[in-house]
Amino acid sequence: MVVRQSGLVIAMTFVIALLLTALPMPESAAIWRPAWVALVLIYWCMAAPERVGVAVGWVSGLLLDVMTGTLLGQHALGLSVVAWVAHHTHRRVRVLPLWRQAITVFVLLFLYQALVLWSNGIRGIPVVAAAYWTSPLVGTFLWPWLFIVLRVVRRRYAAA
């Protein structure tokens, strides 16, 4: 029963992240939207690496691609690379203080945004590059609070 409940809790956090991503915002504020799915993925790759990894990153990226109407596989590529790096470094990163974890999260979010930007560039989509780099900054500042909230959820529902 605990395994089933913990899987449901993890899935629900991804659903909430997808809903936050789909939340309508004014065009001027949309550049400040953090990469919610990437943040949740990074947390679970560090907190429960035996349960969440590259496959979950790929599937959540495909769901994000379908939901946002982007090229199928664009976010899946970025999130699977982020999941691999987070999974590979989770032992070193999760023992760091939150402010140092936030630096690592910034690098991972920057990598994710760079892969999405690269994918758009290959397709010839014009992009305002400065707008792409605000999302990793916002995600970095949100990381400590998101970490604390997800840790409380994980411990309360024994999700890892």
Side-chain angles (χ1 to χ4, degrees), residues 10-147 149-150:
I10 292 170
M12 287 307 298
T13 59
F14 277 101
V15 168
I16 291 169
L18 286 167
L19 290 174
L20 286 171
T21 301
L23 195 66
M25 293 179 79
E27 192 65 35
S28 60
I31 65 169
W32 298 100
R33 180 190 317 263
W36 291 110
V37 177
L39 286 167
V40 170
L41 179 68
I42 292 167
Y43 174 80
W44 287 115
C45 282
M46 285 196 291
E50 67 283 348
R51 300 190 58 119
V52 177
V54 176
V56 173
W58 181 259
V59 170
S60 59
L62 285 177
L63 290 172
L64 190 58
D65 288 330
V66 169
M67 186 183 76
T68 59
T70 57
L71 177 67
L72 193 62
Q74 177 178 359
H75 292 285
L77 170 67
L79 289 175
S80 61
V81 169
V82 165
W84 184 83
V85 174
H87 193 272
H88 184 69
T89 60
H90 79 275
R91 287 191 178 132
R92 287 174 273 185
V93 174
R94 71 180 178 185
V95 296
L96 297 174
L98 280 177
W99 69 272
R100 291 201 48 205
Q101 282 184 16
I103 295 169
T104 304
V105 168
F106 174 75
V107 171
L108 291 171
L109 293 175
F110 187 87
L111 174 64
Y112 170 65
Q113 286 298 100
L115 288 169
V116 171
L117 185 64
W118 172 72
S119 173
N120 284 338
I122 286 176
R123 293 180 26 227
I125 296 174
V127 177
V128 179
Y132 257 100
W133 308 120
T134 56
S135 177
L137 288 173
V138 173
T140 301
F141 290 117
L142 285 176
W143 175 254
W145 291 279
L146 183 71
F147 177 87
V149 168
L150 288 176

What I'd like to find out is whether the side chain of [X] reaches to under 4.5 Å of the side chain of [Y], using heavy atoms alone.
X: Asn120; Y: Thr70; value: no
X: Leu63; Y: Phe14; value: no
X: Leu71; Y: Ser119; value: yes
X: Leu146; Y: Tyr43; value: no
X: Arg33; Y: Val138; value: no

Apply side-chain contact (heavy atoms from CB on, under 4.5 Å) to the pair Val105 and Phe147, showing each step before the final yes or no. CA-CA 11 Å; Val105 168; Phe147 177 87; over 6 Å; no
Stepwise side-chain contact (heavy atoms from CB on, under 4.5 Å) test for Trp44 and Thr13: CA-CA 10 Å; Trp44 287 115; Thr13 59; 2.8 Å; yes
Would you name the heavy atoms of [X] and [Y] that are closest together and state the gap between them?
X: Gly57; Y: Ser60; value: O-OG, 3.1 Å
X: Leu77; Y: Leu115; value: O-CD1, 4.5 Å
X: His87; Y: Val52; value: CD2-O, 3.7 Å

Over 60° means perpendicular and under 30° means parallel, so tell me whether His75 and Tyr112 are parallel, tilted or perpendicular. tilted
In terms of the angle between their ring planes, are His88 and Trp84 parallel, tilted or perpendicular, with boundaries placed at 30° and 60°? parallel
How long is the straight-line distance from CG of Leu137 back to CZ of Phe110, given to the nearest 0.5 Å? 9.5 Å
When rounded to the nearest 0.5 angstrom, what distance separates CH2 in Trp118 from CG in Leu111? 11.5 Å
With respect to Pro136, which candidate in Leu108, Val107, Leu109 satisfies the side-chain contact (heavy atoms from CB on, under 4.5 Å) definition? Leu109
Looking only at atom types and distance, does a side-chain atom of [X] sit under 3.5 Å from a main-chain N or O of [Y], one as donor and one as acceptor?
X: His90; Y: Cys45; value: no
X: Ser80; Y: Val54; value: no
X: Gln101; Y: Leu96; value: yes
X: Thr21; Y: Ala17; value: yes

Is it the case that atom CZ in Arg91 sees more than 12 heavy atoms from other parts of the structure closer than 6.0 Å? no
Sorted by chain and residue number, the side chain to side chain contact (heavy atoms under 4.5 Å, CB included) partners of Leu20 (sequence neighbours excluded) come out as Ile16, Trp36
